[in-house]
Q: 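Would you mind keeping the following structure in view while I ask a few things?
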Amino acid sequence: YFASIEVALFSLDRFQRERLAARSRWHARMIAQWRDYQHNFLLTITIGINMVSIASSILAGAMIHSLIAVRLPPMLPWAEAISICIMTLLVIILAEMVPKNVAARYPFTVAFVGLPPLLIFNYLFLVMAKLINPVAGAVLLLFRINIWRRGTQRKTDRAEIEATID
C-alpha cells in the first residue's frame, strides 16, 4: 500500500490532481494537504513501508525458521540465511515492485482509493514523525547538513557551485 500510494501521488499530473480534487471536497482537502505537507506524508510513507517490511520479515522469518527446524533439521544452521534470502525476494517483489508498477500504471485510481487511508496513517504516525525528524536532523548535522536553515544552505550550495565554476 505505502509504496503504491507514494508512486501514485508523485505520478499524478496537474490535470489528474484537479480531477481528483473535483471528485469531492474531502479529496480536494486531501490533495491540498498533500501539496502543502509533502514532507509529512513522505515521512508517513517511509514509516509505513519500514514497519510493514520489518514486521513481515520478522513474522515470516520465524515461520520459515520453524518450518526448516521441523522439515529439514540438517539445514537448521542455514535457517537464518535462507529466511533472509526468501524474505528479501518477497519484500522486493510483493511490497515494492508489484505495488509500484500498479500505481505507475493506474496513478489516479490508486491515489483516489489510497489517499484517505494515507491521511489517517499520517495522523496516527504524527507522534513518531515528530520524534524521528529531530533525530534525523541531528544525524545530518554530523555531516554538516543543516535541514533547519534552508536559506543558509542554499547560499552555501550556490557558493560551492560558483567556486567550482571559477
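Counting begins at 1 with the first residue of the sequence. Remember, predicted model here, so these are calculated numbers, not experimental data.
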Q: His65 vs Leu76, test: side-chain contact (heavy atoms from CB on, under 4.5 Å). Steps then yes/no.
A: CA-CA 8 Å; His65 188 274; Leu76 198 54; 3.9 Å; yes
Q: Is any side-chain heavy atom of Val110 closer than 4.5 Å to a side-chain heavy atom of Val7?
A: no
Q: Output all residues satisfying side chain to side chain contact (heavy atoms under 4.5 Å, CB included) with Leu124, sequence neighbours left out; order by chain, then residue number.
A: Ile120, Phe121
Q: Tell me every residue that passes side chain to side chain contact (heavy atoms under 4.5 Å, CB included) with Leu140, counting only those two or more places apart in sequence or in another chain.
A: Ile145, Ile147
Q: Could you give the distance from OG (Ser53) to CD1 (Ile92), rounded to the nearest 0.5 Å?
A: 10.0 Å
Q: Just verifying a value: how many Å separate Leu72 CG and Ile82 CD1, rounded to the nearest 0.5 Å?
A: 7.5 Å
Q: To check you understand the geometry: which heavy-atom pair defines the closest contact between Ala95 and Ala3, and what is its length?
A: O-CB, 3.4 Å
Q: What are the two closest non-hydrogen atoms of Ser56 and Met87, and how far apart are they?
A: O-CE, 3.7 Å
Q: Taking ring pair (Phe, Tyr, Trp, His ring centres under 6.0 Å) as the definition, give me every residue that meets it alongside Tyr106, ordered by chain and number, with sequence neighbours left out.
A: none
Q: Does Ile5 belong to the same Ile/Leu/Val/Met/Phe/Trp/Tyr cluster as Val113, with side-chain heavy atoms less than 4.5 Å apart forming each link?
A: yes
Q: How close do Ser57 and Val91 get, counting heavy atoms only, and between which atoms?
A: OG-CG2, 3.9 Å
Q: With the side chain counted from C-beta on, respond yes when Leu115 and Leu118 share a heavy-atom pair under 4.5 Å apart, and no when they do not.
A: yes
Q: Can you list the steps and then say if Phe10 with Gln38 is a side-chain contact (heavy atoms from CB on, under 4.5 Å)?
A: CA-CA 10 Å; Phe10 279 105; Gln38 282 187 9; 3.9 Å; yes
Q: Please check if Met63 and Ile86 belong to a single hydrophobic cluster, counting links between Ile, Leu, Val, Met, Phe, Trp and Tyr side chain heavy atoms closer than 4.5 Å.
A: no
Q: Does Val135 share a hydrophobic cluster with Val127, counting links as ILVMFWY side-chain heavy atoms below 4.5 Å and allowing steps through other members?
A: no
Q: Can you name the ring pair (Phe, Tyr, Trp, His ring centres under 6.0 Å) partners of Phe108, sequence neighbours left out?
A: none
Q: Hey, quick one: are Ile68 and Ile84 part of the same hydrophobic cluster, counting side-chain heavy atoms closer than 4.5 Å, chains of contacts allowed?
A: no
Q: Hey, are the side chains of Glu6 and Ile49 touching, using non-hydrogen atoms and a 4.5 Å cut-off?
A: yes
Q: To the nearest 0.5 Å, tell me how far Ile54 CD1 sits from Leu59 CG.
A: 12.0 Å
Q: I need the Ser11 OG to Arg105 CZ distance, nearest 0.5 Å.
A: 12.5 Å
Q: Please report the closest heavy-atom contact between Pro107 and Gln16, naming both atoms and the distance.
A: CG-NE2, 4.2 Å
Q: Within the 4.5 Å heavy-atom criterion, are Met51 and Phe2 side-chain neighbours or not?
A: no
Q: Give me the atom names and distance for the closest heavy-atom approach of Ala21 to Ala28.
A: O-CB, 3.4 Å
Q: Under a 3.5 Å distance rule, please check whether Arg17 uses its side chain to pair with a backbone N or O of Leu12 as donor and acceptor.
A: yes
Q: Residues two or more places apart in sequence or in another chain: which of them pass side chain to side chain donor-acceptor pair (under 3.5 Å) with Thr44?
A: Asn122
Q: What's the spacing between Arg71 CZ and Ser66 OG if we round to 0.5 Å?
A: 12.0 Å
Q: Transitively linked via ILVMFWY side-chain contacts under 4.5 Å: Leu89 with Leu94?
A: no
Q: Sequence neighbours left out, what passes side chain to side chain contact (heavy atoms under 4.5 Å, CB included) with Phe112? Give chain and number order.
A: Leu20, Arg23, His27
Q: Any chance you could measure Leu126, atom CG, to Leu131, atom CG, to the nearest 0.5 Å?
A: 9.5 Å
Q: Using every non-hydrogen atom in the two residues, find where Ala103 and Ala8 come nearest and quote the distance to one decimal.
A: CB-N, 3.8 Å
